[in-house]
Asker: 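Submitted below is the structure of interest, expressed as structure tokens.
We name chains A, B, ... by the order of the sequence lines, and we start the count at 1 in each one.
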Amino acid sequence: MTRARVPVRPHRRTRDLVRQGNDGLSDEELKRTPLYDLHVKLGAKMVPFAGYEMPVQYATGVMAEHNHTRAKAGLFDVSHMGQVILRARDPQKAALALETLVPVDVAGLAEGRQRYGFFTNEDGGIEDDLMIANRGDHLFVVVNAACKDADLARMRAALEPEVTVKLIDTRALLALQGPAAEAVLAEHYPAIRDMRFMDVETLPIAGAECWVSRSGYTGEDGFEISVPASAAEDLARALLSHEDVLPIGLGARDSLRLEAGLCLYGHDIDSVTSPVEAGLTWAIQKIRRSGGDRAGGFPGSERVLAEVTDGPARKRVGLQPDGRAPMREGVQLFAFKEADTPIGQVTSGGFGPTIGAPVAMGYVEASHAAVETELFGEVRGKRLPVKVAKLPFVTPGFKR
Amino acid sequence: MKYTEEHEWLDLDGDVVTVGITAHAAEQLGDVVFVELPDVGASVTRDDEIVVIESVKAASDILAPLDGEVVEVNEVLVEEPGKVNDDPEGDAWFFKLKIEDASALDEYMDEAAYKAFIAD
């Protein structure tokens with residue numbers, strides 16, 4: 001049997017995949033989160049991820065974990081992410097200083113509120129995406145694990161000495177996500193019900209001072225809880241003791257965020273993609289756009305603001321393959337079946353358990369970005385039909 | 001029953017070998033979401049990639065363990081890929097291969113050897 005193969009990434013054999021599953025524990029360079037022992041006790045399969053040994057799944061498996069999070073609640077260990085405090089004598093100074101690195105209205109962020117943003121570079125690309133919270137006398141930011149060191153260096157270079165940049169490495173970060181998250185957390189602190197999407201508060205939960213935000217990265221309602229490392233396992237066990245809560249690994253975290261249309265740094269956004277191409281213009285508030293009181297003033301603002309006005313050359317879109325074959329990262333997209341040159345590429349793709357079908361995201365030339373546009377994705381040498389789809393694939397459960 | 005290092009099981013009946021993947025492989029692959037089978041009647045050579053199997057984690061190939069002709073494929077798996085996880089060593093066989101030389105199976109592992117292989 002012959003099969004024309006244009007592999008965009010190495011296709012793996014069963015043997016390699018099976019072997020890979022056993023590899024995770026050998027690398028001594030890897031760091032561990034305060035919940036490492038708990039993961040192992042819970043039967044997690046640990047894998048290297050962004051320099052950490054992280055649970056990719058537990059005994060229940062990726063599909064069941066995904067479905068449980070959408071139906072009830074899932075507990076995620078996201079302690080590998082970087083928690084950073086920015087502090088200046090005048091809090092507004094810290095906000096304005098951070099605005100020199102992100103195209104976000106930080107100075108206008110009310111106390112007790114959080115906002116999504118991204119660091120840009122001189123070319124208007126994205127260096128990382130992050131959450132920014134106004135916690136009164138300081139800003140609390142959470143950055144991706146893989147970008148943590150670079151982000152710290154970037155902030156220190158740009159903000160110090162007027163603003164102190166402190167990595168908080170004495171705290172774990174847990175995410176409780178899903179429609180039951182509110183009821184579960186309310187058993188520990190009833191007033192949690194009053195928090196709205198993107199509110200942040202300091203709350204005593206399970207005896208520890210927790211920094212809680214009503215947010216997450218699954219498309220579900222939920223909370224992210226920064227907890228002192230010494231209290232992290234107790235808190236995790238307390239939450240897991242609720243019958244509606246299961247521990248969830250990175251595998252399901254990826255399929256959940258993909259169905260929710262959320263970008264994964266290093267895949268759907270990177271140092272070359274601009275926020276406008278990525279469909280993240282909503283996160284650039286009017287005050288930072290052309291004509292706004294604090295327009296520009298962030299790296300790459302010329303390109304980014306021009307794209308806000310004129311539209312980008314390519315756009316991130318949702319992609320719904322017609323058949324059952326998943327279209328994964330790297331799959332080339334074509335305007336028609338026999339086309340010579342691709343008009344785009346998949347940046348994240350896989351099976352969407354909630355959708356019950358393959359789902360993907362990718363970049364296409366702007367002229368092919370309209371919802372329902374029919375394209376072809378090349379999978380193992382075959383051009384298979386795929387449609388541009390509305391993002392997100394699932395309706396968000398946020399409590400606004 | 002014979003086993004390959006690719007985690008296939010081979011069940012010989014007359015001159016027809018039924019091929020599937022082991023429970024160990026199915027567990028390691030995770031939830032299977034897509035299966036692509038070869039055409040019935042296809043002539044295959046050992047190590048041809050004749051089945052594509054995708055799990056929630058990644059895509060992988062299943063190789064033809066022997067030279068032969070595909071005489072039957074398990075179409076149910078195309079509609080219900082999850083069966084590979086439910087019953088990998090039973091109902092969820094992938095294809096049946098008519099072979100000319102049954103002695104070609106001799107080089108593959110028996111159950112005890114396979115168990116030792118995956119214990120490594």
Asker: Can you give the donor-acceptor pairs under 3.5 Å from side chains of residues 344-363 of chain A to other protein atoms, not counting sequence neighbours?
Answerer:
unit_1	atom_1	unit_2	atom_2	d
A/Gln345	OE1	A/Gln332	NE2	2.9
A/Thr347	OG1	A/Asp268	OD1	2.7
A/Thr347	OG1	A/Met361	O	3.3
A/Ser348	OG	A/Arg257	NH1	3.4
A/Ser348	OG	A/Arg257	NH2	2.7
A/Ser348	OG	A/Asp268	OD1	2.9
A/Ser348	OG	A/Asp268	OD2	2.9
A/Thr354	OG1	A/His66	NE2	2.8
A/Thr354	OG1	A/Arg70	NE	3.1
A/Thr354	OG1	A/Glu259	OE1	2.9
A/Tyr363	OH	A/Asp268	O	2.6

Asker: Heavy-atom count around B/Glu100 CD within 6.0 Å, excluding the residue itself: above 12?
Answerer: no
Asker: Would one find more than 12 heavy atoms of other residues, nucleotides or ligands at under 6.0 Å from atom CG of B/Asp13?
Answerer: no
Asker: B/Phe34 and A/Pro326: which non-hydrogen atoms are nearest, and at how many Å?
Answerer: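 That closest heavy-atom pairing would be CB-CD, 3.7 Å.
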Asker: Check the surroundings of atom NZ in B/Lys96: do more than 12 heavy atoms from other residues, nucleotides or ligands lie under 6.0 Å from it?
Answerer: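 Above 12, so yes.
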Asker: Can you give me the closest heavy-atom contact between B/Val56 and A/Arg328, atom names plus distance?
Answerer: O-NH1, 4.0 Å
Asker: Which residues, numbered in order, of residues 71-80 of chain B come under 4.5 angstrom of chain A by heavy-atom distance?
Answerer: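 Within residues 71-80 of chain B, near chain A: B/Val78, B/Glu79.
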Asker: For B/Glu54, is there an ion pair with A/Arg380 - N to carboxylate O distance below 4.0 angstrom?
Answerer: yes
Asker: Counting heavy atoms not belonging to A/Lys41, are there more than 12 under 6.0 Å from its NZ?
Answerer: yes
Asker: Measure B/Glu8 against the heavy atoms of chain A and call it side chain, backbone, both or neither at under 4.5 Å.
Answerer: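 Looking at B/Glu8, nothing touches chain A.
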Asker: Which atoms form the tightest heavy-atom contact between B/Glu27 and A/Lys45, and what is the distance?
Answerer: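 It is O-NZ, 4.2 Å.
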